[in-house]
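The chains referred to below are lettered A, B, ... by the order of the sequence lines, with proteins before strands, and numbering in each begins at 1. Just so you know, these numbers use all the heavy atoms, side chains as well, and skip hydrogens, waters and symmetry mates.
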Amino acid sequence: MEHTLYIYNTLTRKKEQFIPIHEPHVGLYVCGPTVYGDPHLGHARPAITFDILFRYLKHLGYKVRYVRNITDVGHLENDADEGEDKIAKKARLDQLEPMEVVQYYLNRYRKAMEALKVLSPSIEPHASGHIMEQIEFTQKILDAGYAYESEGSVYFDVEKYNRDYQYGKLSGRNIDEMLETTRDLDGQSEKRRSIDFALWKKASPEHIMRWKSPWSQGFPGWHMECSAMGTKYLGEQFDIHGGGMDLMFPHHECEIAQSCAALGKDSVKYWMHNNMITINGQKMGKSLGNFITLEEFFTGNHVLLTKAFSPMTIRFFILQAHYRSTVDFSSEALEASEKGLERLMEGYARLQKLQASATSSVNISEVRKKCEDAMADDLNTPMVISALFDALRSVNLIHDGKETISQADLSELQSVFKLYIEDLLGLQSDSASANGTEAYQKAVDLLLNIRLEAKKNKDWATSDKIRNELTAMGFEIKDTKDGFEWKL
RNA sequence: GGUACUUUGGCCGAGUGGUUAGGCACCGGUCUGCAAAACCGUCUACGGCGGUUCGAAUCCGCCAAGUACCUCCA
């Protein structure tokens with residue numbers, strides 16, 4: 001692998017050189033959605049962030065197995081161990097089978113991801129499809145002595161674990177402080193300590209999502225699915241585990257504890273966390289009720305939105321910020337992204353039609369390197385975009401005849417733009433697909449050529465009639481120096 | 001209260017010791033029958049105070065404001 005990738009490891013709080021455990025194979029696990037509600041802007045961030053990583057790793061030549069789970073059981077409301085199951089609650093409210101809820105929202109999630117040009121992961125395992133694995137994993141932790149059974153449920157013994165390992169190393173917490181600050185909750189009497197977490201929960205009589213286990217009819221704890229499925233598909237040790245920063249504690253911390261307790265070692269080499277999307281400086285989240293669903297973005301149907309925004313605009317907006325920074329949403333910022341993206345994509349289209357000259361008056365030798373360096377430096381997509389905009393200026397100057405480019409340079413520039421815009425950033429023009437078939441395009445061209453003739457004859461009435469009527473139909477007509485451009 | 005982090009020009013947002021980030025907006029210009037669009041150019045900021053240094057947005061200290069996590073959340 002010629003280019004050295006550096007990624008920020010949350011575990012060490014440093015950028016580290018990426019060295020796969022079993023080159024050329026790379027195992028990547030990312031926490032996916034709990035499918036009990038419509039996907040919102042917050043879901044788009046990790047999906048796009050790790051989509052970029054997935055694409056880039058493959059570009060570097062690695063064989064990547066990308067696992068993104070679907071949480072469809074075990075994720076409880078209010079309290080990790082005491083609330084109602086999110087899926088089950090939604091099912092009860094809507095009078096549906098839990099798996100109907102899962103299917104419905106999973107379909108909507110997939111559809112939104114497809115619109116955002118997020119590639120499908122290699123495997124999308126469901127928690128409910130891996131109950132056996134979770135029971136086995138829980139048994140291993142029991143056998144190792146780091147868990148205890150209590151009234152049909154199994155809890156992780158954090159304090160005992162902490163004597164042999166270090167609980168809290170990912171999120172930078174220590175157990176004593178947590179014991180002081182964790183408030184007491186009702187119904188925790190079956191747990192020895194408030195910080196212990198559930199590996200297996202006995203189902204109450206009315207709980208409909210339940211499976212047989214050695215301890216009780218019940219269901220797995222939320223943190224268990226990732227440990228069990230990560231191990232199953234990526235092995236006892238794998239390269240990268242990603243997810244939102246809000247999952248760092250307790251979810252990922254508990255995963256580490258479960259893996260260390262069961263396997264005697266941490267499963268994950270690099271932990272990566274994307275930051276949150278904020279709205280007016282506050283985290284956009286389900287619990288705060290200030291989230292905007294992706295569908296609302298695509299339709300513009302939300303009070304905070306001045307208009308609809310295309311999936312590509314959302315994707316570009318997210319990529320314009322580094323994944324470890326918070327990014328503050330506003331309609332204004334999105335509009336800025338929309339215009340920037342349009343300019344970039346038009347320039348990209350223009351680049352395809354550029355004529356080569358004998359020599360180059362522009363220097364494009366640094367463009368590829370700048371993009372490569374930026375990507376390799378912890379996926380610095382804003383820097384990549386910045387380098388592309390720099391190169392775009394040259395493209396436009398060549399287009400205007402103010403600069404020239406040789407065939408070799410032109411091919412290189414086209415290659416770099418394709419690689420970064422299409423293959424790695426996953427951007428595509430919104431209008432490209434909307435512009436219809438070839439025959440249709442020729443028909444529009446024909447009309448505009450008639451208009452061009454009229455213009456030459458100074459027949460402004462005909463010229464304006466064609467322009468105005470096409471504009472009224474939704475076409476955008478641009479007069480250029482010696483012709484025209486149009487789009488829908 | 002604990003822990004982690006943030007503070008960059010009108011807005012968004014990169015950047016970790018010396019060099020123009022970039023985008024959007026504004027303004028100026030080019031092009032144009034008109035208009036629109038497009039293109040080019042300009043705009044040089046880094047919360048406050050102090051320190052280290054030849055030199056700091058970038059390192060250190062203090063202060064201020066804000067955010068996240070500590071209960072479910074991507």
Side-chain angles (χ1 to χ4, degrees), chain A residues 10 13 30-34 37 39-50 75-84 86 168 171-174 176-178 180-183 185 194-195 222 242-251 253 273-278 281-288 291 316-317 320-322 324-330 332-341 343-344 346-347 350 370 374 380-390 392-393 395-397 399-400 402 455 458-460 463-464 467-468 471 476-481 484-487:
Chain A
T10 311
R13 318 240 165 215
V30 175
C31 288
T34 302
H40 58 80
L41 190 58
H43 290 105
R45 186 113 199 243
I48 290 171
T49 297
F50 294 104
H75 200 162
L76 308 184
E77 288 201 321
N78 304 319
D79 178 84
D81 303 325
E82 293 303 323
E84 186 173 5
K86 291 186 174 195
S171 55
R173 287 152 214 270
N174 75 62
D176 297 327
E177 280 163 3
M178 291 171 58
E180 280 171 27
T181 57
T182 306
R183 65 177 198 209
L185 294 158
S194 55
I195 53 172
W222 174 39
M245 256 182 197
D246 50 348
L247 297 179
M248 219 158 93
F249 188 91
H251 187 54
E253 200 71 74
H273 291 94
N274 64 277
N275 213 320
M276 301 290 104
I277 288 175
T278 59
Q282 256 206 325
K283 178 179 159 182
M284 181 182 282
K286 198 117 190 159
S287 55
L288 293 166
F291 65 94
F316 188 66
F317 173 68
Q320 271 188 306
H322 189 264
R324 281 190 290 114
S325 301
T326 57
V327 55
D328 197 55
F329 155 81
S330 70
E332 197 188 357
L334 268 175
E335 280 179 50
S337 286
E338 182 178 50
K339 285 180 190 165
L341 174 63
R343 199 157 81 83
L344 182 65
E346 283 186 8
R350 199 170 287 141
K370 273 188 189 167
N380 197 329
T381 53
M383 285 285 276
V384 173
I385 291 168
S386 168
L388 291 173
F389 270 109
D390 272 340
L392 183 65
R393 195 167 303 117
V395 170
N396 288 331
L397 287 169
H399 177 74
D400 285 359
K402 290 173 183 158
K455 278 174 70 179
K458 299 200 187 301
D459 178 3
W460 309 129
S463 163
D464 288 354
R467 181 177 71 193
N468 293 342
T471 303
E476 199 176 296
I477 311 300
K478 297 180 197 176
D479 287 353
T480 59
K481 194 169 180 117
F484 54 81
E485 287 173 5
W486 64 270
K487 64 176 182 180

Exercise. Any chance the side chains of A:Q320 and A:S337 put a donor and an acceptor closer than 3.5 Å?
Worked result: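 Side chains of A:Q320 and A:S337: pair found under 3.5 Å.
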Nucleotide of [options] approaching [X] most closely (side-chain heavy atoms):
X: A:F249; options: B:rG13, B:rC69, B:rA25; result: B:rC69
X: A:D246; options: B:rG23, B:rC70, B:rA74; result: B:rA74
X: A:K86; options: B:rC72, B:rC70, B:rA74; result: B:rC72
X: A:K283; options: B:rA14, B:rC69, B:rG22; result: B:rC69
X: A:K455; options: B:rG33, B:rA74, B:rA14; result: B:rG33
X: A:M383; options: B:rG33, B:rA74, B:rA14; result: B:rA14

Tell me whether the side-chain N/O atoms of [X] come closer than 4.0 Å to OP1 or OP2 in [N].
X: A:N396; N: B:rC40; answer: yes
X: A:R13; N: B:rA4; answer: no
X: A:N380; N: B:rG15; answer: yes
X: A:S337; N: B:rC12; answer: no
X: A:R343; N: B:rC39; answer: yes

Separation of [X] atom [atom1] from [N] atom [atom2], in whole Å?
X: A:L334; N: B:rG13; atom1: CG; atom2: C1'; result: 13 Å
X: A:L388; N: B:rA14; atom1: CG; atom2: C1'; result: 14 Å
X: A:D390; N: B:rG15; atom1: CG; atom2: C1'; result: 14 Å
X: A:L397; N: B:rG29; atom1: CG; atom2: P; result: 19 Å
X: A:L392; N: B:rG41; atom1: CG; atom2: P; result: 11 Å
X: A:L341; N: B:rG23; atom1: CG; atom2: P; result: 14 Å
X: A:F316; N: B:rG13; atom1: CZ; atom2: P; result: 14 Å
X: A:R393; N: B:rA21; atom1: CZ; atom2: P; result: 12 Å

With both distances kept under 3.5 Å, what pairs with [N], Watson-Crick or G-U wobble?
N: B:rU52; answer: none
N: B:rA36; answer: none
N: B:rU7; answer: B:rA64
N: B:rC26; answer: none
N: B:rA21; answer: none

Exercise. Any idea which heavy atoms bring A:F329 and A:F317 closest together, and the distance?
Worked result: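 Result for this residue pair: CA-CZ, 4.0 Å.
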Base, sugar-phosphate, or nothing: which does [X] touch, judged by heavy atoms less than 4.0 Å apart?
X: A:G42; result: base
X: A:S463; result: base
X: A:V327; result: sugar-phosphate

Which whole number of Å gives the distance between the [atom1] atom of [N] and that of [M]?
N: B:rG41; M: B:rG51; atom1: C1'; value: 41 Å
N: B:rG13; M: B:rC24; atom1: P; value: 16 Å
N: B:rG17; M: B:rG10; atom1: C1'; value: 29 Å
N: B:rU3; M: B:rC11; atom1: C1'; value: 32 Å
N: B:rC72; M: B:rU20; atom1: P; value: 49 Å
N: B:rU71; M: B:rG61; atom1: P; value: 30 Å
N: B:rA68; M: B:rC63; atom1: P; value: 23 Å
N: B:rA45; M: B:rG15; atom1: C1'; value: 13 Å

Would you find a donor on one side and an acceptor on the other, under 3.5 Å apart, between the side chain of [X] and the backbone of [Y]?
X: A:S463; Y: A:D459; answer: no
X: A:D400; Y: A:K402; answer: no
X: A:E253; Y: A:S171; answer: yes
X: A:H251; Y: A:M248; answer: no
X: A:T49; Y: A:R45; answer: yes
X: A:N468; Y: A:D464; answer: yes
X: A:N275; Y: A:R324; answer: yes

hbond_proxy [X] side chain to [N] base (donor-acceptor, 3.5 Å cutoff):
X: A:R467; N: B:rC34; result: yes
X: A:S386; N: B:rG23; result: no
X: A:D464; N: B:rG33; result: yes

Problem set entry | Residue mapping more 5' on RNA chain B - nearest nucleotide basis, A:G172 or A:D328 |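 Taking each residue's closest nucleotide, the earlier one in sequence belongs to A:G172.
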Exercise. If you find the nucleotide of RNA chain B closest to A:F329 and the one closest to A:R350, which residue's nucleotide is nearer the 5' end?
Worked result: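 Upstream on the strand: A:F329.
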Problem set entry | Is_stacked (A:W460, B:rG33) at 5.5 Å, 30 deg |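 Yes.
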